[in-house]
2 protein chains.
Amino acid sequence: MSEGVEWAVHCCVVLTSVAAPVPAARLAELHQVSPTYLAKQLQALARAGLVFSVQGKSGGYVLSRPPAEITLLDVVEAIDGPEPAFVCTEIRQRGPMATPAEYCTTPCPISRAMAASESARRDALRSVTIAGLAEQVEAGSGAGTLNGVAAWLGSTGT
Amino acid sequence: MSEGVEWAVHCCVVLTSVAAPVPAARLAELHQVSPTYLAKQLQALARAGLVFSVQGKSGGYVLSRPPAEITLLDVVEAIDGPEPAFVCTEIRQRGPMATPAEYCTTPCPISRAMAASESARRDALRSVTIAGLAEQVEAGSGAGTLNGVAAWLGSTGT
DNA sequence: CATACTCGGACATGTTTTATCCGAGTATAG
DNA sequence: CTATACTCGGATAAAACATGTCCGAGTATG
């Protein structure tokens, strides 16, 4: 899985507590990661419609929806792409012992099993929201943590 | 996910119906895939202990256990590696607003959610056995299909 | 004992991921 | 109204990984 997924999720979580747009460079500074590469991930989030990007002097990124309506699956698919990891190449229809086409109206058993596992993974990711993650962060690191981060994001110092 | 996973699973399924070792080249011919690259995947299966490799004139690969005791997860991990796709880099402990170490005794919420989704996927893959897949193939393509393939694998022609 | 056939690991190639840069556009300040 | 400074966005390199290939080590056969 892409490393950028982790960065993107962290960005979404901290963005839950801000109102004004936050520049990509500031988020990169907060997380100590490559500013230009993080910018790329945020662009992907914007393309997927999870965040709004506002340009100009005091621009940046803001969540486009309430955090409770953004799931972990949304973020993962925005970065890693929505295509399933396993793609059936219909091996059964190739070679000297190929299965006749009339027996291939349904996906092959292997493909079905892989699809089921992907579905399970997606369900698990879909059941977690950004709002839920933010809540757990507050529970684990003390109430007000995110507000402190938000204040730092809004300020100008380091 | 690696393309080789599909090849490896198909190989395991057809190997359920043979007793004598089958050379990698023959399996490649059956599936119309690159012989040398398939050999690589079979080596990985051997390293993982899922198949035995016998050398010499009439050598090849045989399943090392009853097909009912080989899960899809075993095969996937043998090829793609057992490491989880998501690795937490502890972003929360970096940067100017780093979470103090005393709050980091448990994995961060994001890491936990990712681990849960991976676990769901692994559970789904573990619930499917090679024997079960072989059964479904027979059910879908007609009883005796695998025996026919086994006969072809044992013969010398194309 | 010679031989032919097998696996096994070391060696190139192509594609995805990672990382970077500079131009297009906009709200702000004068 | 104009100039400016700051933002995003897509086009551009470098690195890592998956893909594909080759030849040598070893073993059952004849």
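Lettering follows sequence order; numbering is per chain, from 1.
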**Student:** Where the side chain of A:T36 is defined as all heavy atoms beyond and including C-beta, which of C:dC21, D:dG9, C:dT28 is the nearest nucleotide?
**Tutor:** C:dC21
**Student:** So, OP1 or OP2 of C:dT6: does either fall under 4.0 Å of a side-chain N or O from B:S53?
**Tutor:** no
**Student:** Measure CG/B:L45 against P/C:dC7 and give the value in whole Å, please.
**Tutor:** 13 Å
**Student:** Using whole Å, report how far CD of B:E83 lies from P of D:dC17.
**Tutor:** 11 Å
**Student:** Please give, in whole Å, the distance from C:dT15 C1' to B:E3 CD?
**Tutor:**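 Roughly 13 Å, once rounded to whole Å.
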**Student:** Rounded to whole angstrom units, what separation is found between the CG atom of B:L38 and the P atom of D:dT21?
**Tutor:** 12 Å
**Student:** Students often get this wrong, so: under 4.0 angstrom with heavy atoms, is B:A24 touching a base, only sugar-phosphate, or nothing?
**Tutor:** sugar-phosphate
**Student:** To the nearest angstrom, how far is B:M1 atom CE from C:dT16 atom C1'?
**Tutor:**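 Result: 16 Å.
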**Student:** Taking atom CD of B:E118 as the centre, report whether more than 12 heavy atoms of other residues, nucleotides or ligands fall under 6.0 Å from it.
**Tutor:** yes
**Student:** Heavy atoms under 4.0 Å, any strand shown: does B:A39 hit a base, just sugar-phosphate, or nothing?
**Tutor:**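 Here B:A39 touches no strand at all.
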**Student:** Ignoring the backbone of B:Y37, work out which of D:dA18, C:dT18, D:dT29 is nearest its side chain.
**Tutor:**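 Closest nucleotide to the B:Y37 side chain: D:dA18.
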**Student:** Just how far is it from atom CD of A:Q136 to atom CD1 of B:I110, taken to the nearest 0.5 Å?
**Tutor:** 9.5 Å
**Student:** Phosphate oxygens OP1/OP2 of D:dG10: is one of them under 4.0 Å from a side-chain N or O of A:Q43?
**Tutor:** yes
**Student:** Establish, from distance only, whether the side-chain atoms of B:E69 and B:T129 form a donor-acceptor pair under 3.5 Å.
**Tutor:**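 Their side chains do not contain a donor-acceptor pair, so the 3.5 Å distance test is not met.
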**Student:** Is the closest side-chain heavy-atom distance between B:M114 and A:M1 below 4.5 Å?
**Tutor:**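 Contact flag for B:M114/A:M1 side chains = yes.
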**Student:** Nearest to the B:Q55 side chain among D:dA5, D:dA28, D:dG26, which nucleotide is it?
**Tutor:**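 That would be D:dG26.
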**Student:** At a heavy-atom distance below 4.0 Å, what parts of residues 84-95 of chain A sit against DNA chain D?
**Tutor:**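 Residues of residues 84-95 of chain A under 4.0 Å from DNA chain D: none.
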**Student:** In this structure, how many angstroms lie between the P atom of C:dT17 and the CD1 atom of A:I79, rounded?
**Tutor:** 12 Å
**Student:** Distance check, rounded to the nearest 0.5 Å: A:C11 atom SG versus A:L50 atom CG?
**Tutor:** 12.5 Å
**Student:** Given D:dT21, is OP1 or OP2 found less than 4.0 Å from the side-chain N or O atoms of B:S34?
**Tutor:** yes
**Student:** Please report, rounded to the nearest Å, how far the P atom of D:dA18 is from the CD atom of B:E6.
**Tutor:**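 In whole Å, D:dA18 P lies 17 Å from B:E6 CD.
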**Student:** At their closest point, which heavy atom of A:L72 faces which heavy atom of A:L125, and how far apart are they?
**Tutor:**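 Heavy atoms of A:L72 and A:L125 come nearest at CB-O, 3.3 Å.
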**Student:** What is the distance from NZ of B:K57 to C1' of D:dG30, rounded to the nearest Å?
**Tutor:**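 Roughly 8 Å, once rounded to whole Å.
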**Student:** Looking for any heavy atom pair under 4.0 Å, which part of the strands does B:R47 touch: base, sugar-phosphate only, or nothing?
**Tutor:**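 Sugar-phosphate: the residue B:R47, judged by heavy atoms under 4.0 Å, touches backbone atoms but no base.
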**Student:** Could you go through A:T89 and A:R94, starting from their C-alpha distance and side-chain angles, then the distance that decides it, and tell me whether this counts as side chain to side chain contact (heavy atoms under 4.5 Å, CB included)?
**Tutor:** CA-CA 10 Å; A:T89 60; A:R94 301 209 301 260; 3.9 Å; yes
**Student:** Which is more 5' along DNA chain D, the nucleotide nearest B:K40 or the one nearest A:P23? Just name the residue.
**Tutor:** A:P23
**Student:** Measuring to OP1 and OP2 of C:dC5, would you say a side-chain N or O of B:S58 lies under 4.0 angstrom away?
**Tutor:** no
**Student:** Could you tell me whether the side chain of B:R92 reaches within less than 4.5 Å of the side chain of B:Y103, counting heavy atoms only?
**Tutor:** no
